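Numbered from 1 within each chain, the chains take letters A, B, ... in sequence-line order. Because the structure is a prediction, the values reported are computed rather than measured.
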Amino acid sequence: MALRGVPRGDRRPDDVRPREGGPSRRERRHQAVPPLRPRDGGIPRAALLREAGGRPPRDAPLHRAAVPRDDRHPLRRGLRTGHLRPDEGASRRLHVEHLRDPRSPEPVLHARRGHGPVPHAEVRPRDRARLRGPQDGDSQPTVGRPLPDRHLPGRHHRRHRRVRRPLPRVPQGPGGAPLTMEKERTLKEITPKSQDFSQWYLDVVLKAEMADYGPVKGCMIIRPYGYAVWENMQADMDRRIKETGHVNAYFPLFIPKSYLEKEKEHVEGFSPECAWVTVGGGEELEEPLAVRPTSEAIICSMYAKWVKSWRDLPILINQWANVVRWEKVTRPFLRTTEFLWQEGHTLHETEAQAEEETLKMLHVYRSFSEEILAMPVVWGRKSDTEKFAGALRTYAIEALMSDGKALQAGTSHNLGQHFATAYGIEYLDRNQQRVKPWSTSWGTSTRMVGGMIMTHGDDSGLVLPPRIAPHQVVIVPIPPRKGDWNEQVLPKAREVAAVLRAAGVRVHLDDRDTQQPGFKYADWEMRGVPLRLEIGPKDIEKDQCVLVRRDSREKAFVPLAGLAVEVPQRLGAMQRQLLERARKFMADDTTRVTTYDQFEQVMEAKRGFLVAGWCGDAACEAKVKEETKATIRVIPTEGEAAAGACVRCGKPSPREVYFAQAY
RNA sequence: CGGGAUGUAGCGCAGCCUGGUAGCGCACCUGCUUGGGGUGCAGGUGGUCGGAGGUUCAAAUCCUCUCAUCCCGACCA
């Protein structure tokens with residue numbers, strides 16, 4: 001899908017450009033119409049509806065068209081449509097300030113406005129016809145509370161992608177009047193995972209406020225909550241990169257066309273997805289600049305300048321940056337036109353050192369994925385078809401999503417001497433010979449956020465592994481029946497928060513008095529907070545609180561005195577169990593097949609990883625892709641080789657490989 | 001790029017066939033109420049019906065063009 005959702009007026013400035021020539025058709029129309037009753041004199045619509053016992057008559061004097069059109073400035077229009085309401089921006093900022101805990105470096109992320117009441121859905125008369133049978137059930141009324149914020153995807157993809165749940169038959173009152181629907185169809189805002197996985201993923205991303213759509217296709221906005229997740233990942237990954245001896249630097253966003261073209265395979269691989277800058281300062285540039293799709297070209301060019309002697313090696317540099325790859329099909333986090341990542345670029349004296357580095361970083365990625373994201377992966381080499389443009393060998397980690405498709409979550413390339421040759425990196429070695437170094441590059445991106453969401457999320461929304469959750473514990477104070485919660489509950493809740501913070505737990509106290517506890521439970525569940533801590537008057541009496549785990553919903557009454565120990569323990573247990581559960585899922589969805597019949601059957605039905613023999617011929621690989629959509633994800637480099645026959649052609653296979661359909 | 005569909009309020013939709021200048025639900029705002037699993041009631045705010053041209057006394061509605069988006073395929077990882 002594409003990223004949309006911006007008011008049309010904002011999307012194409014041409015639309016609001018003053019027209020040349022005479023009055024437009026619309027202007028003529030409005031001039032022709034006599035002014036209607038002014039707004040303040042109008043009868044409230046609801047009153048009319050009551051009077052008329054239903055819809056107001058067509059000629060009822062309600063028209064807002066009476067508002068003079070000449071006050072419609074394009075800017076005002078933009079503001080009014082909700083993008084940038086000035087009052088809203090200000091109040092949000094204030095709210096954030098107010099909630100920020102001065103002792104914690106963690107910004108408090110909840111700066112949303114409250115939601116109002118949610119009545120049960122009612123079936124309107126015009127919906128009745130649709131409810132008669134499934135044969136015309138293509139546009140049933142959406143049930144439940146709509147999305148919590150203003151900017152959600154346009155109707156287009158929803159109309160086509162969302163398979164709505166069939167409505168139960170509507171009980172009819174006397175005279176065919178519809179009765180109010182009861183619980184069974186209320187208040188679900190996330191499409192069930194089993195029903196439509198893609199839609200489930202989008203619902204979760206949007207409703208948990210991880211990301212939102214921007215005006216440019218494929219360029220999502222990472223919202224504060226999603227960015228906090230990314231920052232937590234970033235912090236841990238950065239630590240691991242530094243622990244393995246690398247240092248950070250920053251290289252430019254723009255890459256001259258001629259630089260990109262120096263490595264032939266590289267430019268062929270990336271030019272179809274490059275964005276070009278051709279004009280700057282109002283003048284055509286002498287040489288177009290690519291917006292970096294990756295930084296080998298610019299970084300290797302600089303290395304050529306910096307490396308003169310074997311004493312300069314190894315070079316171990318990493319950068320955190322954004323890159324742009326012009327994608328045709330985009331999905332938030334998983335495949336975006338612009339994304340955030342880290343890319344490491346290293347130079348070594350020998351091929352063996354470069355290979356060691358490549359594999360070292362592959363295993364940094366693997367352990368990060370498992371330990372932090374609780375996302376198990378398979379790892380190994382890529383086939384030549386799938387390897388990085390210009391690389392000697394590419395290695396990757398691949399995770400399995402619960403729709404049975406594989407997600408490449410990190411890559412590590414041994415670039416051989418290709419880039420050193422193309423960019424003229426040479427140095428004098430220990431024997432005073434002019435030689436070329438061996439280079440590597442490796443990267444992980446915001447795509448990992450998407451993988452993590454798909455790995456752990458459920459029908460209630462996100463489930464965040466404690467180690468990357470922005471809030472590990474959310475405290476929901478329960479107001480007393482009588483009296484002021486400021487006196488009876490909040491002081492205790494604040495005390496608990498302080499104790500947990502001192503124990504190193506990221507805590508958020510949800511002290512909004514505009515929302516009810518039940519709403520907050522659902523709200524934070526949707527956002528995937530690992531532990532909820534309820535504390536109310538009854539608990540305070542008993543010196544206890546209620547802890548509820550997000551993944552298992554297991555509920556426990558815990559003495560307040562033991563919290564500083566109990567909470568970290570539970571968070572640790574949850575982190576471990578998420579990984580175990582995901583590992584079990586991956587194992588269950590990995591099938592070893594020996595015949596192509598089996599292969600096709602499994603790929604058709606259950607999907608997942610298929611372990612099978614492969615002769616090493618790219619033609620076989622291509623046929624398999626054509627026939628089953630599955631590609632070789634990785635060729636394992638460790639463990640038992642398990643020689644056999646190619647699943648497609650029957651020729652000898654040196655070892656089994658992992659096949660899957662891929663994101 | 002090929003095939004199929006769709007553009008009406010922040011979101012989801014009705015109205016179009018049969019032309020008379022826009023409604024519903026949710027969200028949002030105000031007040032009261034409620035509070036241990038998405039409170040309830042009442043009152044409000046918000047729309048150049050994607051854009052342009054045409055037919056007509058009159059166009060969301062009919063006609064033409066155009067723009068955008070979605071889905072399937074192709075491309076890409």
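Remark: A:Ser441 OG to A:Asn414 CG distance equals 9.5 Å, nearest 0.5 Å. To the nearest 0.5 Å, atoms CD (A:Glu327) and CZ (A:Arg335) are separated by 4.5 Å.
In summary, the side chains of A:Thr336 and A:Arg447 do not present any donor paired with an acceptor at a separation below 3.5 Å, with no hydrogens or angles considered. With hydrogens and angles left out, the side-chain atoms of A:Thr385 and A:Glu621 include a donor and acceptor closer than 3.5 Å. Between the side chains of A:Trp524 and A:Asp510, at least one donor-acceptor pair of N or O atoms lies under 3.5 Å. Residues A:Asp484 and A:Gln488 have side chains that never bring a donor and an acceptor to within less than 3.5 angstrom of each other.
Rounded to whole Å, the distance from NZ on A:Lys328 to P on B:G2 is 12 Å. When rounded to the nearest whole Å, the span between CD1 of A:Ile632 and P of B:A77 equals 16 Å. Atom CH2 of A:Trp442 and atom C1' of B:A77 are 20 Å apart (whole Å). Following rounding to the nearest Å, A:Glu534 (CD) and B:G35 (C1') show an atom-to-atom distance of 13 Å. In this entry the distance linking CG of A:Leu206 with C1' of B:G12 reads 14 Å, nearest Å. In this structure, CH2 of A:Trp326 is placed 15 Å from C1' of B:C76, rounded to the nearest angstrom. A straight line from CD of A:Glu268 to P of B:C75 spans 17 Å, rounded to a whole angstrom. B:A77 atom C1' lies 19 Å from atom OH of A:Tyr395, rounded to whole Å.
Residue A:Pro517 places its side chain closer to B:G35 than to any other of B:G35, B:G38, B:G37. Of all nucleotides listed (B:G36, B:G37, B:G38), B:G37 comes nearest to the side chain of A:Val548. Looking at the side chain of A:Val329, the nearest of the listed nucleotides B:A74, B:A77, B:G36 is B:A74. Listed nucleotides: B:G37, B:G36, B:A77. Nearest to the side chain of A:Ala662: B:A77.
Pairing partner, B:C17: none, since no Watson-Crick or wobble contact has both distances short of 3.5 Å. Using N1 to N3 plus N6-O4 or O6-N4 for Watson-Crick, or N1-O2 and O6-N3 for G-U wobble, each under 3.5 Å, B:G25 pairs with B:C11. The nucleotide B:A5 finds its pairing partner in B:U69, both defining distances of the Watson-Crick or G-U wobble pair being shorter than 3.5 Å. B:C76 is unpaired under the Watson-Crick or G-U wobble criterion, no partner having all donor-acceptor distances under 3.5 Å. When both pairing distances are held under 3.5 Å, B:C62 makes a Watson-Crick or G-U pair with B:G54.
A distance of about 36 Å separates the C1' atoms of B:C1 and B:A9, rounded to the whole Å. Going from the P atom of B:U69 to that of B:U8 covers 14 Å, rounded to whole Å. Spacing of C1' atoms, B:U6 relative to B:G50, comes out at 11 Å, to the nearest Å. The same atom, C1', is picked in B:U61 and in B:C17; the two are 9 Å apart, to the nearest Å. With both ends at atom C1', the span from B:G7 to B:G47 equals 15 Å, rounded to whole Å. Across B:G44 and B:C49, the matching C1' atoms stand 24 Å from one another, rounded to whole Å. Atom name C1', nucleotides B:G19 and B:C63: the rounded distance is 13 Å, in whole Å. Here the separation of B:A74 from B:C11, taken at their C1' atoms, is 33 Å to the nearest Å.
Residue contacts shown for A:Phe388 are absent, as no nucleic acid heavy atom lies under 4.0 Å away. Using a 4.0 Å heavy-atom criterion, one finds that A:Glu273 contacts the sugar-phosphate atoms exclusively. A:Lys520 comes within contact range of no nucleotide atom at all, as no heavy-atom separation falls under 4.0 Å.
Each of A:Val546 and A:Lys387 was assigned the nucleotide of RNA chain B with the nearest heavy atom; the assignment lying further toward the 5' end belongs to A:Val546. Nucleotides of RNA chain B nearest to A:Glu525 and A:Arg447 differ in position, and the one nearer the 5' end is that of A:Glu525.
For B:G35, its base never sits under 3.5 Å from the side chain of A:Asp513 at any donor and acceptor pair. A donor and an acceptor atom sit less than 3.5 Å apart, one in the side chain of A:Arg532 and one in the base of B:G37.
Scanning both residues, A:Val489 and A:Pro480, for their nearest heavy atoms gives CG2-CD, 3.9 Å.
Remark: A:Ile478, A:Pro479, A:Arg481 in residues 474-485 of chain A come within less than 4.0 Å of RNA chain B through at least one heavy atom.
The side chain of A:Lys629 contributes an N or O atom lying less than 4.0 Å from OP1 or OP2 of B:G73. Considering only side-chain N and O atoms, A:Gln516 lies nowhere under 4.0 angstrom from the phosphate OP1 or OP2 of B:U34.
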Could you pull out the protein-nucleic contacts involving nucleotides 30-33 of chain B (nitrogen or oxygen on both sides, under 3.5 Å)?
none

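A salt bridge between A:Lys623 and A:Glu627 is absent, with no side-chain N of the basic residue lying under 4.0 Å from a carboxylate O of the acidic one. The existence of a salt bridge linking A:Glu525 and A:Arg550 is excluded, since no basic side-chain nitrogen approaches an acidic carboxylate oxygen closer than 4.0 Å.
Exactly one residue among A:Lys382, A:His413, A:Lys387, A:Arg381 makes a side chain to side chain donor-acceptor pair (under 3.5 Å) with A:Thr394. That residue is A:His413.
Taking the six-membered ring for Trp and the full ring otherwise, the centers of A:Phe388 and A:Tyr395 sit at least 6.0 Å from each other.
Residues passing the salt bridge (Lys or Arg N to Asp or Glu O under 4.0 Å) test with A:Glu273, sequence neighbours excluded: none.
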